[in-house]
2 protein chains.
Amino acid sequence: MTTTTDQEAALRIASGRKPLVEPLRLGERLKELRLANQWTLEDVSQRTGLARSTLSKIENDQISPTFTAVQKLINGLGIDLPQLLTPPRAQPRTMGRRDLTRSGGGQHHPTPTYEHELLSCELAQKRMIPFKTIVRARSFDEFSEWVRHDGEEFLMVLDGEICLYTEFYEPLALAQGDSIYFDSDMGHALVSVSDQDAVVLSVCTRADP
Amino acid sequence: MTTTTDQEAALRIASGRKPLVEPLRLGERLKELRLANQWTLEDVSQRTGLARSTLSKIENDQISPTFTAVQKLINGLGIDLPQLLTPPRAQPRTMGRRDLTRSGGGQHHPTPTYEHELLSCELAQKRMIPFKTIVRARSFDEFSEWVRHDGEEFLMVLDGEICLYTEFYEPLALAQGDSIYFDSDMGHALVSVSDQDAVVLSVCTRADP
DNA sequence: ATGGCGGGTTCACTATCGGAAACTGAGTTT
DNA sequence: AAACTCAGTTTCCGATAGTGAACCCGCCAT
C-alpha cells in the first residue's frame, strides 16, 4: 500500500473484487447488475443518460467507456464504483453463510509497500474485512501519505516483527503474536523491521452493512 | 421501467454505501498523487504506458480518460481505483484510540472445551471482538449444544488443525493458515484434530449501538 | 401467416480520446 | 546571451467512443 488507501482499497476490494491487474469484466458486471434489477437497456439509458447502443457495447466489451461514462453509470444506477467492479456474487439473504479461504488462497493484491491477500472474498455482504498482509515496506518514507479509512481495525502479527506508525502516537514495535486494535481513521502505516517481510492479519470494520 | 427511487434506494442500502454525488476530480487527484511521490509526467508515462501529453490532459481535466486508460493508471502506479478517487484529505473526527495486547497478554477465560484469551479488552466501545482460542475439545460430543451468537465471525487457524462443525454444513477441516467467515448465529463448534491443542484467532462482530 | 411491439444489436457519423512531436518557460551552463 | 535541459502544455492527426437510426429478433394478438 502506498498511500492512504491501500487498506481502504483492500476494504473496498474486499467486497469481492478481483485484483485490478486483471481484465475487470466491467461489461459483464453491468449486465449482471442490470438484469438483477430487471432493467432494460432503455431503462438504464434513461437513468444514466447514455445511449442504448452505448450501453449494449459496454456490456459486450466492444468499447472501453470513458470515465465520464462510468460516472454516469454509477450516478444513474445509484451505485458505487467498487460495487460496479465487484464481481457478481448473488448472496442469499438467508443466514448461515460461510466462506472458506485456504491458506494462501485469498485474492492477492500487490502494491509497492504491502502485499494484501483478501480473505473470504466470496462473501459480499459482510461486516468485517479480513486480510493477510505481507509488509514489504522497510521505512516509513516509502509511504507518501497516511493510510486511513473509516472504522476500526484489529491487527495481529503472524510472522516477523513490525513497527506501527500512527498519527497520534509514537511508533510501536509489534512482535509475532502481538495484536492491536485502533481507530483506522487515525493515519497509520506498517513497516517490517525483521529480516524478512513481516506478515500480519488485519480485520477492518466495514461501513454500515 | 420500474420505479427508480425505491429500487435505487434499496440498492444503495443493500450495498451500504452513500451515493456518489461529487464530480470525482480525477485529474486533481492524479496530480496530487503524482506530486506526492515526486514523479514527473514522464515518470508516470513510463510506469503506465500512457503518453505524457495524455497524462497532462487528464490532470487538467481536458479529457475524460477511457476506462482502459484508468486501468493503466492504477496498474502502473500500483494503486487501487478507490485510492485514485479518494481524496487524501482526512476526515476530521478521529478519536485515535488504540489498544495494544502483547502476545499472551489478553484476558484468559477457560472453559472445558475452549480456552479463550480476549484481546484488546481495554477498549470498551468497539465494533469487533478479537480473541485467541486454544481448542481443547477433541470430539464434537464434548459440546452440549451449538455455540451461537448474533453477528458474524471470522476465524483463522494459527496453529494445529481443527474441524469446524456447523449447523448447516458438513464438518470442515481447517489447517494452519486456513480461515473462514461465517454467520455466527448458525450453530458452530470447534474441535482440535491435531496432536496438541489447536490455536485459532477469532474476530466477532458486536451488536451495534 | 401478418402486423405490431418491446428488447437488443449493428451501422454510419460525429465527438472526443490517445500519442508523437512541436512548443513554452524556467532554470543552467558556457 | 545563446545554447541546452527539463517539465509541462499544446497541436495535429489517426483511432475509437458515443449517438440516433436502422435493423433484427422473439413474442403476442388478432
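Lettering follows sequence order; numbering is per chain, from 1. This is a predicted model, so every value here is computed, not measured.
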Between CD of A/Gln38 and C1' of C/dG7 the distance, given in whole Å, is 14 Å
Check whether B/Asp178 reaches the backbone of A/Ser103 with its side chain - one donor and one acceptor, N or O, closer than 3.5 Å.
yes
Between P of C/dG18 and CD of B/Glu59, the distance in whole Å
14 Å
Would you kindly give the NZ-to-P distance between A/Lys72 and D/dA17, to the nearest whole Å?
15 Å
If the threshold is 4.0 Å, N to carboxylate O, is there a salt bridge linking A/Arg136 and A/Glu142?
no
Separation of atom CD in A/Gln46 from atom P in C/dG7, rounded to whole Å:
11 Å
Using atom NZ of B/Lys31 as one end and atom C1' of D/dG8 as the other, report the distance to the nearest whole Å.
8 Å
Among A/Glu42, A/Glu28, A/Glu59, exactly one meets salt bridge (charged side-chain N to carboxylate O under 4.0 Å, His left out) together with A/Arg34. Which residue is that?
A/Glu59
Do any N or O atoms from the side chain of A/Glu115 and from the backbone of A/Ile134 form a donor-acceptor pair under 3.5 angstrom?
no
Figure out the CG/P separation between A/Leu30 and C/dG8, and round it to whole Å.
11 Å
Compute whether any side-chain donor of one residue and acceptor of the other, for A/Thr166 and A/His188, lie under 3.5 angstrom apart.
no
For a side chain to side chain contact (heavy atoms under 4.5 Å, CB included) check, start with the C-alpha distance between B/Val70 and A/Val70, then their side-chain angles and the critical distance, and finish with the verdict.
CA-CA 11 Å; B/Val70 175; A/Val70 175; over 6 Å; no
Is there any protein nitrogen or oxygen under 3.5 Å from a nitrogen or oxygen in nucleotides 3-7 of chain D, and what are the pairs?
none

Does B/Ser56 put a side-chain nitrogen or oxygen below 4.0 Å from OP1 or OP2 of D/dT9?
yes
Do any N or O atoms of the protein come closer than 3.5 Å to N or O atoms of nucleotides 11-17 of chain C, and which pairs are they?
{"residue": "C/dC17", "atom": "OP1", "partner": "B/Ser64", "partner atom": "N", "Å": "2.9"}

Check whether any side-chain N or O of A/Lys132 sits under 3.5 Å from a backbone N or O of A/Leu158 as a donor-acceptor pair, and report yes or no.
no
Donor-acceptor contact present, side-chain B/Thr205 to main-chain A/Arg127, <3.5 Å
no
Could you state the CG-C1' distance from A/Leu55 to D/dG18, rounded to the nearest angstrom?
10 Å
Rounded to whole angstrom units, what separation is found between the CG atom of B/Asn60 and the P atom of D/dT10?
7 Å
Do you know which two heavy atoms are closest between A/Leu190 and A/Val135, and how far apart they sit?
O-CG1, 3.6 Å
